[in-house]
Amino acid sequence: MNQAFLTILSTLSGLINLAVAEGGFCSASSSIIDSGSGTNQLYWKATNPTLSPSHLQDLPGFTRSVFKRDHALITPESHVFSPLPEWTLTSGAYLITPAMGSHFVMYLAKMQENSLSGLPPYDAERFIFVVHGDVTLTNVSGTSHKLMVDSYAYLPPNSHHSIRCDASATLVVFERRHSYLDNLPTEQIVGSTDQQPLLETPGEVFQLRKLIPTFLSYDFNIHIMDFQPGEYLNVKEVHYNQHGLLLLEGQGIYRLGDSWYPVQAGDVIWMAPFVPQWYAALGKTRSRYLLYKDVNRNPL
């Protein structure tokens, strides 16, 4: 065997041993994760994944990311950040865009001290979810809301607003051109996941919360779905809806089409209409993911 192959084999072996020794695919040793209180913060691993870019330095060219006609898995070592248009002191990584077949965009926004958001394009609605730090949202009337981790906001199309960060924060952002229906208006929504009730999921075992009202005026919703270790989707779903997903906590296996992918906190998935999809939670802790889903519109 040549030296390059031996190096790759040795590094892979080390990663496997790390995962097994420290509690699974999503765990990392104390030498890698700061032992401070930050490790106990909600969604910490979504922005500090176990198999982060730094852990893959000795595997040139290696990535878990996959792009296919009807789905994509975008993993943290593949994120490419650059200055976000119209935002100040903010870098963004576009993870899902219409170039891959979606009708929405999904991106991460990393805000620095004294950073400020821009506005989305004309007629585009925006949804933000805080995964790290905190920000202040101010609307055109001057009303402000402080958004912390697990808080979110929906901003209607053409609504003037600003998002300011005084320290540092990471947001996941969804935007799409609003599909108007009979002039039914949408309204600004501000909330947090723990304020939302658990909803019934007939035939399923996972826990479900919806962050946007189910009124016909809204053309998409954001779901928070929780799975305990060993739980899985009973329905092998095939439907017309598109999805954009961020795994916030835990680890598991996602089936997309004929492929099966190990996934961990920090991974992003795009699912095109009618791609077969299924999830099972693994490991020792809860899996939680945030899921975009288009709703309330005739697919014609």
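None of these values were measured; they are calculated from a predicted model.
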> Distance to the ring centre below 6.0 angstrom and angle to the axis at most 45 degrees; does that hold for K110 and F81?
yes
> Please confirm whether the backbone N or O of G250 pairs with a side-chain atom of Q264, one donor and one acceptor, at under 3.5 Å?
no
> Is L247 linked to V66 within one hydrophobic cluster, defined over Ile, Leu, Val, Met, Phe, Trp and Tyr using a side-chain heavy-atom separation of less than 4.5 Å?
yes
> Are R286 and D226 within salt-bridge range, i.e. N to O under 4.0 Å?
yes
> Centres of the Y279 and Y254 rings: under 6.0 Å?
yes
> Between D294 (side chain) and N241 (backbone), is there a donor-acceptor pair under 3.5 Å?
no
> Ion pair present between D219 and R176, side-chain N to carboxylate O less than 4.0 angstrom?
yes
> Heavy atoms, side chains only, cut-off 4.5 Å: are P121 and R177 in contact?
yes
> Working note: E125 + Y154, criterion side chain to side chain donor-acceptor pair (under 3.5 Å); need CA distance, chi angles, decisive distance, verdict.
CA-CA 8 Å; E125 52 198 337; Y154 167 84; 2.5 Å; yes
> Just do the side chain to side chain donor-acceptor pair (under 3.5 Å) check on T63 and E77 with the steps written out, would you?
CA-CA 7 Å; T63 179; E77 75 277 358; 2.8 Å; yes
> Where the side chain of S102 meets the backbone of T97, is there a donor-acceptor pair that is under 3.5 Å apart?
yes
> Hey, are R209 and D194 close enough for a salt bridge, meaning a charged N less than 4.0 Å from a carboxylate O?
no
> Any donor and acceptor pair, going by atom type alone, linking the side chain of N296 with main-chain N or O of Y218 inside 3.5 Å?
yes
> Report the relative orientation of the aromatic rings in W260 and W278; use parallel for angles under 30°, tilted for 30 to 60°, perpendicular for over 60°.
perpendicular
> Enumerate the residue pairs fulfilling salt bridge (Lys or Arg N to Asp or Glu O under 4.0 Å) with a member in residues 195-205, sequence neighbours excluded, ordered by first and then second residue.
none
> Given the side-chain rings of F104 and Y292, with only the six-membered ring counted for Trp, is the space between their centroids under 6.0 Å?
yes
> Does D166 form a side chain to side chain donor-acceptor pair (under 3.5 Å) with N114? I'd like the steps, not just the answer.
CA-CA 5 Å; D166 294 326; N114 297 322; over 6 Å; no
> Do H178 and Y122 have ring centres separated by under 6.0 Å?
no
> Say whether V172 and L42 are linked into one hydrophobic cluster, either directly or through other cluster members, by side-chain heavy-atom distances under 4.5 angstrom.
yes
> I'd like to know whether the aromatic ring centres of Y152 and F127 sit less than 6.0 Å apart in this structure.
yes
> Just checking Y289 against F227, ring centres under 6.0 Å apart?
yes
